[in-house]
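To start, the structure itself, in structure tokens.
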2 protein chains.
Amino acid sequence: MLTPRKLAILQAVIDEYILTGLPIGSRTISKRNDMNVSSATIRNEMADLEDDGFLVQPHTSAGRIPSDKAYRLYVNMLMHTIDLDENERNSIRKYFDVKMQEIEQLIGVTAQALSETTKLTSVVIGPQTSQLKLKRVQLVKIADTTALIVFVMDTGVIRNMTVQIPQDITPEYLEALSQSLSKCVEDKTMQEAVNEIRNSFSLEKGENRRLLDTVIDTVSKSDSEVQERNIIFGGTENIFNHPEYRNIDKARDFLKLLEKKDNIYNMMSKATDMEFSIKIGAENDIDQLKDMSVVMATYKFGNSKIGSFGVIGPTRMNYGKIMSILSYVGSNISSILNYMIDDDDGLYLK
Amino acid sequence: MLTPRKLAILQAVIDEYILTGLPIGSRTISKRNDMNVSSATIRNEMADLEDDGFLVQPHTSAGRIPSDKAYRLYVNMLMHTIDLDENERNSIRKYFDVKMQEIEQLIGVTAQALSETTKLTSVVIGPQTSQLKLKRVQLVKIADTTALIVFVMDTGVIRNMTVQIPQDITPEYLEALSQSLSKCVEDKTMQEAVNEIRNSFSLEKGENRRLLDTVIDTVSKSDSEVQERNIIFGGTENIFNHPEYRNIDKARDFLKLLEKKDNIYNMMSKATDMEFSIKIGAENDIDQLKDMSVVMATYKFGNSKIGSFGVIGPTRMNYGKIMSILSYVGSNISSILNYMIDDDDGLYLK
DNA sequence: GTTAGCACTCGTATGTGATGAGTGCTAATA
DNA sequence: TATTAGCACTCATCACATACGAGTGCTAAC
């Protein structure tokens with residue numbers, strides 16, 4: 001049974017451990033002024049908490065440290081998000097106070113802001129263009145056999161790629177094609193659009209056929225690749241800030257994981273259904289993160305969640321604070337994104 | 001004086017040290033079958049080499065390790081580039097055997113190929129568009145108040161960015177403007193082009209003036225930013241492969257350096273005048289690299305060197321091998337780049 | 001000029017004992 | 001019955017001592 005006192009003790013252990021990273025002994029807890037019982041009593045309670053799987057002893061004569069289960073309970077029940085003070089807000093806001101030219105810059109700034117304020121490794125994935133709806137398509141001839149194909153999403157995001165075209169295609173033809181393609185893809189996702197084009201234009205023959213095929217081909221190929229690259233990390237060196245990770249082999253594994261990107265990318269994109277997602281220790285699917293925690297949040301563009309960002313660090317992290325930071329960073333991202341589309345003379349979104 | 005025997009001993013020490021990373025003693029050298037003198041003789045010679053600054057003793061009763069000066073001599077005189085065998089060539093070629101869609105992919109693959117075959121940290125910087133000549137400019141209206149501005153470089157590289165435009169600008173006007181802009185910027189670098197536009201169109205007034213100003217503004221701003229982002233690293237975790245860097249604080253500093261990017265970017269772009277550039281230990285301008293070596297090479301597009309790539313690792317690296325690898329990787333990059341422009345139905349360069 | 005021999009150096013590994021934080025358990029207490 | 005004081009016990013950590021061995025510099029002999 002988790003009596004109120006047990007909960008209080010557990011909370012105290014977690015708080016203390018998050019602060020120091022050292023195993024917490026019974027006396028440390030009993031000395032806290034909100035505890036009015038002796039260390040012996042605490043010891044008995046702690047023994048019970050250990051039996052219930054909330055505390056772990058690294059070795060017989062050491063204090064206790066919280067288990068993943070304890071952190072989970074903490075996050076679910078005991079934690080109060082910690083409001084940021086004016087100073088902290090300012091130091092975050094100053095990252096976003098520069099004029100953003102393109103979405104990549106925003107992603108970079110976000111990663112930086114996150115890692116520097118949390119002192120953890122940050123991850124940001126860019127807008128998932130695959131989930132956005134298309135507004136129009138524009139083909140532009142830029143060389144004899146090369147055209148640029150530009151996708152304008154409903155949020156204003158632009159994606160473009162080059163495509164080889166037969167030599168005798170005229171700009172006027174491309175303009176006409178752009179018009180009819182635009183009609184047919186409006187309000188569809190990239191993937192849907194590709195299918196739609198396949199169907200609607202299935203009767204085309206000859207040169208047109210070849211052109212369309214190349215377009216479809218190029219688009220679908222690049223779709224997967226763009227995503228893979230659209231993830232960035234910040235403060236990778238912060239992994240060393242935490243004594244429990246001052247271990248070369250762990251660090252190497254971690255860097256390797258970041259370098260591969262796709263594992264983390266998958267993890268991040270899975271989490272887009274909730275406002276926050278917290279994975280503690282073994283709750284992580286990725287092996288190398290089994291003794292770390294990942295806290296993620298999503299950002300919105302208009303009404304739909306189109307990307308996510310978060311931090312990776314030791315299970316011993318200040319969840320309350322981290323969540324407040326994520327939340328504040330998120331609101332900054334949103335306002336920048338909106339600013340980017342709304343503002344008439346300033347900032348443009350690529 | 002550096003007698004032939006001294007040189008041979010120095011070479012032996014370097015070879016051995018590159019292999020093991022441990023201080024090399026006189027007996028180790030004298031046992032090599034190409035040495036027919038006793039360890040005592042070697043000791044005397046080594047003492048001389050130490051006086052001349054080619055060898056260093058980490059402490060009194062340890063063997064010797066080569067100094068930066070020794071590596072420099074080695075690279076200049078003693079080193080023979082080591083031909084790659086069929087296996088090694090294949091394992092590199094397989095990285096480039098995939099179809100490349102865009103230049104970013106090529107950069108990524110290069111970084112990967114380099115870091116995996118050298119087991120070092122690799123750096124690749126993308127084509128320096130600022131040094132390329134423009135072929136034409138194309139403005140395309142993609143929304144009510146947004147246009148895409150596309151720069152086509154003479155090598156086929158394309159750069160584009162969005163720009164806000166007054167609402168009443170027609171596509172036809174943009175087309176006409178594209179024509180006259182193209183004429184005026186042809187064969188100039190981005191920077192020259194901006195100046196040229198400023199001069200040639202200095203008489204424009206009103207709406208046109210505003211449009212032009214916005215274009216010039218956007219372009220010059222983004223010019224610097226694009227470059228900054230156009231550098232990527234591979235195999236950062238390889239820093240830990242070398243015993244001399246199994247030191248957390250060194251590793252942290254190194255990661256921090258990579259994260260900042262601009263220092264390394266500057267170093268890399270300085271080195272574009274030579275085929276190879278080797279910086280050994282203290283020859284590096286960057287503090288954190290004072291005990292590492294950087295080997296860089298450049299790649300060409302058409303006739304001009306437009307980017308560079310290389311590796312960063314311990315001064316104790318197999319320079320001969322590394323250079324062969326860089327050279328082979330370089331030739332792969334070139335052929336891919338040419339393929340990208342020449343091939344009519346396959347690959348496109350963004 | 002080369003080499004064998006030897007005393008010397010010094011980093012590394014190993015072992016030992018002291019220290020102290022923290023525990024579990026028992027018996028006394030409220 | 002819950003709490004607490006007291007105490008024996010555990011065990012990681014640290015300081016210190018010792019042994020080991022790779023490698024050196026130097027000298028004297030070849």
Side-chain angles (χ1 to χ4, degrees), chain A residues 1-10 12-17 19-67 70 243-244 246-247, chain B residues 1-10 12-17 19-67 70 243-244 246-247:
Chain A
M1 273 305 81
L2 275 179
T3 63
R5 192 171 67 187
K6 280 199 173 65
L7 274 181
I9 291 173
L10 186 57
V13 171
I14 293 175
D15 284 346
E16 209 71 30
Y17 185 68
L19 221 63
T20 64
L22 268 30
I24 309 301
S26 51
R27 232 178 81 82
T28 316
I29 302 298
S30 78
K31 271 187 305 190
R32 283 171 64 119
N33 49 11
D34 52 346
M35 287 289 161
N36 297 315
V37 288
S38 77
S39 66
T41 308
I42 306 279
R43 269 202 293 285
N44 291 329
E45 298 283 54
M46 281 167 93
D48 291 351
L49 284 167
E50 184 169 359
D51 289 341
D52 293 344
F54 291 108
L55 293 179
V56 177
Q57 249 184 322
H59 61 264
T60 323
S61 65
R64 260 86 171 192
I65 61 178
S67 66
E244 51 268 58
R246 301 197 117 244
N247 168 312
Chain B
M1 274 306 82
L2 275 180
T3 63
R5 192 171 66 186
K6 280 201 173 63
L7 274 181
I9 291 173
L10 186 56
V13 171
I14 293 175
D15 286 345
E16 208 71 31
Y17 185 67
L19 222 61
T20 65
L22 269 31
I24 309 301
S26 53
R27 232 178 79 84
T28 315
I29 301 298
S30 78
K31 270 188 305 189
R32 284 170 65 118
N33 49 10
D34 52 344
M35 287 289 161
N36 297 316
V37 288
S38 76
S39 64
T41 310
I42 306 279
R43 270 203 291 285
N44 291 330
E45 299 283 54
M46 280 167 93
D48 291 352
L49 284 168
E50 184 169 0
D51 288 342
D52 294 344
F54 292 109
L55 293 180
V56 177
Q57 250 184 321
H59 60 265
T60 324
S61 65
R64 260 85 170 194
I65 62 178
S67 67
E244 50 268 60
R246 304 197 114 243
N247 170 312

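Numbers restart at 1 for each chain; the letters A, B, ... are given by sequence-line order, proteins then strands.
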For this session: Round to a whole Å and report the spacing from CG of Asn44(A) to P of dA2(D).
Result: 11 Å

Exercise. Hey, is the side chain of Arg43(B) poking within less than 4.0 Å of OP1 or OP2 on dT3(C), counting only N and O atoms?
Worked result: no

For this session: Scan Leu22(A), Leu55(A), Ile65(A) and name whichever one has a side-chain contact (heavy atoms from CB on, under 4.5 Å) with Tyr17(A).
Result: Ile65(A)

Exercise. Under 4.0 Å between a side-chain N or O of Arg27(B) and OP1 or OP2 of dT3(C)?
Worked result: no

For this session: Any side chain to side chain donor-acceptor pair (under 3.5 Å) involving residues 46-56 of chain A? Give me the pairs, sequence neighbours left out, ordered by first then second residue.
Result: Lys6(A)-Asp48(A), Glu50(A)-Arg64(A)

For this session: Quickly work out the Leu22(A) CG to dA21(C) P distance and round it to whole Å.
Result: 12 Å

Problem set entry | Those residues of residues 49-62 of chain B lying under 4.0 Å from DNA chain D by at least one heavy atom | Gln57(B), Thr60(B), Ser61(B), Ala62(B)

For this session: Give the rounded distance in Å between these two atoms: CD1 of Ile65(A) and P of dT23(C).
Result: 13 Å

For this session: Taking all non-hydrogen atoms of both residues into account, name the closest pair between Gly53(B) and Ser67(B) and its distance.
Result: O-OG, 2.7 Å

Exercise. dA22(D) P sits how many Å from Glu16(B) CD, rounded?
Worked result: 16 Å

For this session: Scan Ser26(A) against the nucleic acid and name what it touches under 4.0 Å (heavy atoms): base, sugar-phosphate only, or nothing.
Result: sugar-phosphate

Can you list, pair by pair, the side-chain donor-acceptor contacts under 3.5 Å of residues 29-38 of chain B, counting residues two or more places apart and other chains?
residue, atom, partner, partner atom, Å
Ser30(B), OG, Arg27(B), O, 3.2
Arg32(B), NH1, Glu16(B), OE1, 2.9
Ser38(B), OG, Ala40(B), N, 3.3
Ser38(B), OG, Thr41(B), N, 3.4
Ser38(B), OG, Thr41(B), OG1, 3.4

Seminar exercise, completed: Which of dT23(C), dA4(C), dT24(D) is nearest the side chain of Met46(A)? It is dT23(C)

Exercise. Rounded to the Å, how far apart are Arg5(A) CZ and dT1(D) C1'?
Worked result: 12 Å

Exercise. Between Pro58(A) and Gly63(A), what is the shortest heavy-atom contact and its length?
Worked result: CD-O, 3.3 Å

For this session: Under the side chain to side chain contact (heavy atoms under 4.5 Å, CB included) rule, what do Val13(B) and Phe54(B) come out as? Steps first, then yes or no, please.
Result: CA-CA 10 Å; Val13(B) 171; Phe54(B) 292 109; over 6 Å; no

